[in-house]
Every structure is written in structure tokens, then in C-alpha cells.
Amino acid sequence: MKTKRLMLISLIMISILTNCKKDDDTVLPVFNLKTSDIIDNLEYKIYESLLTNWDYDTIIIVQQTMKSNSIIIDSGAYESFVNYNNNFDTTIATDFINKNLVNFNLDSELLKIGDTKVIIISQEEYDYYFEGKEISSAWNNFTQKYSIKSIYRLSRVGLNDSSNQALVEFKVHSEFWDSDPNSVIHYLVLEDNKWTSKYNVTIFVE
């Protein structure tokens with residue numbers, strides 16, 4: 001009789017604990033990265049050179065590159081690069097436009113930024129947290145997993161024929177933007193075997 005009573009008490013306790021489980025204790029779906037596309041290692045070196053300038057312990061980057069026609073839409077941006085940089089090779093713009101007509105998937109093994117920890121998330125994971133969601137609650141849910149309130153998205157790197165000048169665009173999604181954020185295009189030059197950002201233009205979202 002005593003044994004049956006103990007078993008009954010145990011079952012009641014298990015039931016109570018199960019019913020008291022938190023509503024937010026949801027099992028998240030598993031997000032796998034896509035197979036990476038073939039992108040020249042030089043582009044990864046340029047990403048690293050540019051992003052190393054930001055002193056982050058950890059950075060989150062979306063695996064899928066952003067499509068970009070910013071130079072076509074904002075003719076003032078193109079003119080700025082030409083007018084303020086005497087040695088600007090205009091073939092970079094052509095390469096930049098052609099590479100960014102479609103999305104590519106970056107290689108998580110090649111995207112390194114010095115001592116910074118790089119976290120690559122899939123486009124599907126980004127959409128899961130943010131697509132059609134209220135921005136404040138979306139970031140609240142995202143930071144429960146990653147504890148970081150900014151996400152980078154990169155374009156492909158446009159190069160001139162000599163591969164010593166480059167254009168790359170990026171944007172930073174953060175809790176302060178309730179829509180698509182502005183982006184920045186950087187013009188970099190290879191000097192003494194080091195990529196240096198010489199000029200940049202902000203592309204404003206209207």
C-alpha cells in the first residue's frame with residue numbers, strides 16, 4: 001500500500017513538472033548551411049581586410065551574399081568613386097555588377113577575420129527570426145540564442161583586371177533598424193601586399 005502511494009505521488013509530481021514547463025521552452029528547428037559556391041580566395045582575403053577594422057569579439061554574417069545594383073541605381077555613388085579617386089579603375093564596377101546579379105553562398109571555412117569569432121547563419125535561419133516579424137520581438141528571440149544584436153550581410157567583391165583594386169558592399173542589420181538598413185560600398189586598393197579601404201559611399205534606402 002505504501003509503495004503504491006509513493007508511486008502515485010511520483011506520477012503526480014511528474015505531471016505537475018511537465019505542465020509547468022515554460023511556454024518559451026520551444027525546440028528550435030535545425031538550420032544547416034547550404035553548400036558553398038566557388039568563390040576565389042582573394043575575395044575572402046578582402047572581406048577579412050575590411051572587417052578586421054571593426055574590433056569585435058564575435059561577428060555574425062549571413063551565408064547568402066546580397067544582390068546589389070547600387071552602382072546602377074545610385075549614379076552619384078559611381079561618380080563619387082571616379083571623381084575622388086584618380087586611379088579608380090572603372091572595370092571594377094562592371095565586375096561588381098556582374099557578380100552581384102544573383103546570390104552566392106559563402107564558405108564558412110574560408111571566411112575568417114583575424115582573432116574574431118565568425119558565426120555564419122543560413123538565409124533560412126535569418127528569415128525564421130526576422131521575416132515578417134516585429135523587429136523588437138525578433139531581436140529578443142534572436143539574442144536568446146546568439147546574444148549579439150547585429151548581423152552582417154556582404155556582397156561579392158568586384159575586382160579590376162589586375163586584381164589590385166576592389167569594391168565590396170555590406171550592410172548591418174541591427175535592433176535600431178526597423179526596415180532594410182542602408183549599405184556601404186568600400187573601394188579598396190592593394191598596397192604593399194595589404195588591402196586598404198580608400199573611400200566609401202553610403203547607399204541610402206528610400
Residues two or more places apart in sequence or in another chain: which of them pass salt bridge (charged side-chain N to carboxylate O under 4.0 Å, His left out) with [X]?
X	value
Lys45	none
Asp95	Lys99
Lys198	Glu191

Where at least one partner belongs to residues 93-119, residue pairs that pass ring-ring contact (aromatic ring centres under 6.0 Å, His included), sequence neighbours excluded
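Sorted pair list comes back empty.
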
To the nearest 0.5 Å, what is the distance between [atom1] on [X] and [atom2] on [Y]?
X	Y	atom1	atom2	value
Leu190	Ser163	CG	OG	9.0 Å
Leu154	Leu51	CG	CG	6.0 Å
Tyr152	Ile120	OH	CD1	13.0 Å
Leu188	Ser49	CG	OG	7.5 Å
Thr202	Phe204	OG1	CZ	5.0 Å
Ile148	Ile60	CD1	CD1	4.0 Å

Where do [X] and [Y] come nearest, in terms of heavy atoms and distance?
X	Y	value
Lys171	Asn182	CB-O, 3.6 Å
Ile119	Tyr146	CG2-CE2, 3.8 Å
Ile46	Ala166	CD1-CB, 3.8 Å
Leu33	Ser122	CD2-N, 3.6 Å
Thr91	Asp161	OG1-N, 3.9 Å

Answer yes or no: is there a donor N or O on one side and an acceptor on the other, between the side chain of [X] and the main chain of [Y], under 3.5 Å?
X	Y	answer
Asn140	Ser136	no
Asn100	Ser155	no
Asp40	Leu42	yes
Asn200	Val184	no
Gln165	Asp89	yes
Trp139	Ser174	yes
Glu48	Gly114	yes

Do [X] and [Y] have side-chain heavy atoms sitting under 4.5 Å apart?
X	Y	result
Val168	Val157	yes
Tyr126	Ile151	yes
Ile97	Asn69	no
Ser197	Tyr187	no
Gln123	Val62	yes
Ile61	Val118	yes

Among all residues two or more places apart in sequence or in another chain, which pass the side chain to side chain donor-acceptor pair (under 3.5 Å) test with [X]?
X	value
Asn105	none
Tyr44	none
Asn85	none

So for atom CG, which belongs to Asp57, do other residues, nucleotides or ligands contribute more than 12 heavy atoms lying within a distance under 6.0 Å?
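It does not: Asp57 CG has 12 such atoms or fewer within range.
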
Partner set under ring pair (Phe, Tyr, Trp, His ring centres under 6.0 Å) for Tyr129, not counting sequence neighbours
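Checked Tyr129 against ring pair (Phe, Tyr, Trp, His ring centres under 6.0 Å); matches are Phe142.
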
With Tyr199, which residues qualify under ring pair (Phe, Tyr, Trp, His ring centres under 6.0 Å), at least two apart?
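Counting only residues at least two positions away or on another chain, Tyr199 forms a ring pair (Phe, Tyr, Trp, His ring centres under 6.0 Å) with Phe81, Tyr84.
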
Please report the C-alpha distance between Thr90 and Ile92 in whole Å, then the side-chain angles of each, then the deciding distance to 0.1 Å, and finally whether the side chain to side chain contact (heavy atoms under 4.5 Å, CB included) criterion is met.
CA-CA 5 Å; Thr90 55; Ile92 316 172; over 6 Å; no

For [range], which residue pairs pass the salt bridge (charged side-chain N to carboxylate O under 4.0 Å, His left out) check, not counting sequence neighbours?
range	answer
residues 100-122	none
residues 133-145	Glu125-Lys145
residues 27-36	Lys34-Glu124

Ser162 and Asn164 side chains, donor-acceptor separation under 3.5 Å:
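No, no side-chain donor-acceptor pair sits under 3.5 Å.
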
Between Gln63 and Arg153, is any side-chain donor less than 3.5 angstrom from a side-chain acceptor?
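Result is no, nothing qualifies.
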
Going only through I, L, V, M, F, W and Y residues with side-chain contacts under 4.5 Å, is there a path from Met66 to Ile39?
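No, no single cluster joins them.
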
Could you walk me through whether Trp195 and Leu50 satisfy the side chain to side chain contact (heavy atoms under 4.5 Å, CB included) test, starting with their C-alpha distance in whole Å, then the side-chain angles of each, then the deciding distance to 0.1 Å, before giving a yes or no?
CA-CA 8 Å; Trp195 285 97; Leu50 180 62; over 6 Å; no

Please tell me whether His186 and Phe170 form a close aromatic pair, meaning their ring centres lie under 6.0 Å apart.
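Distance test on ring centres: under 6.0 Å, yes.
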
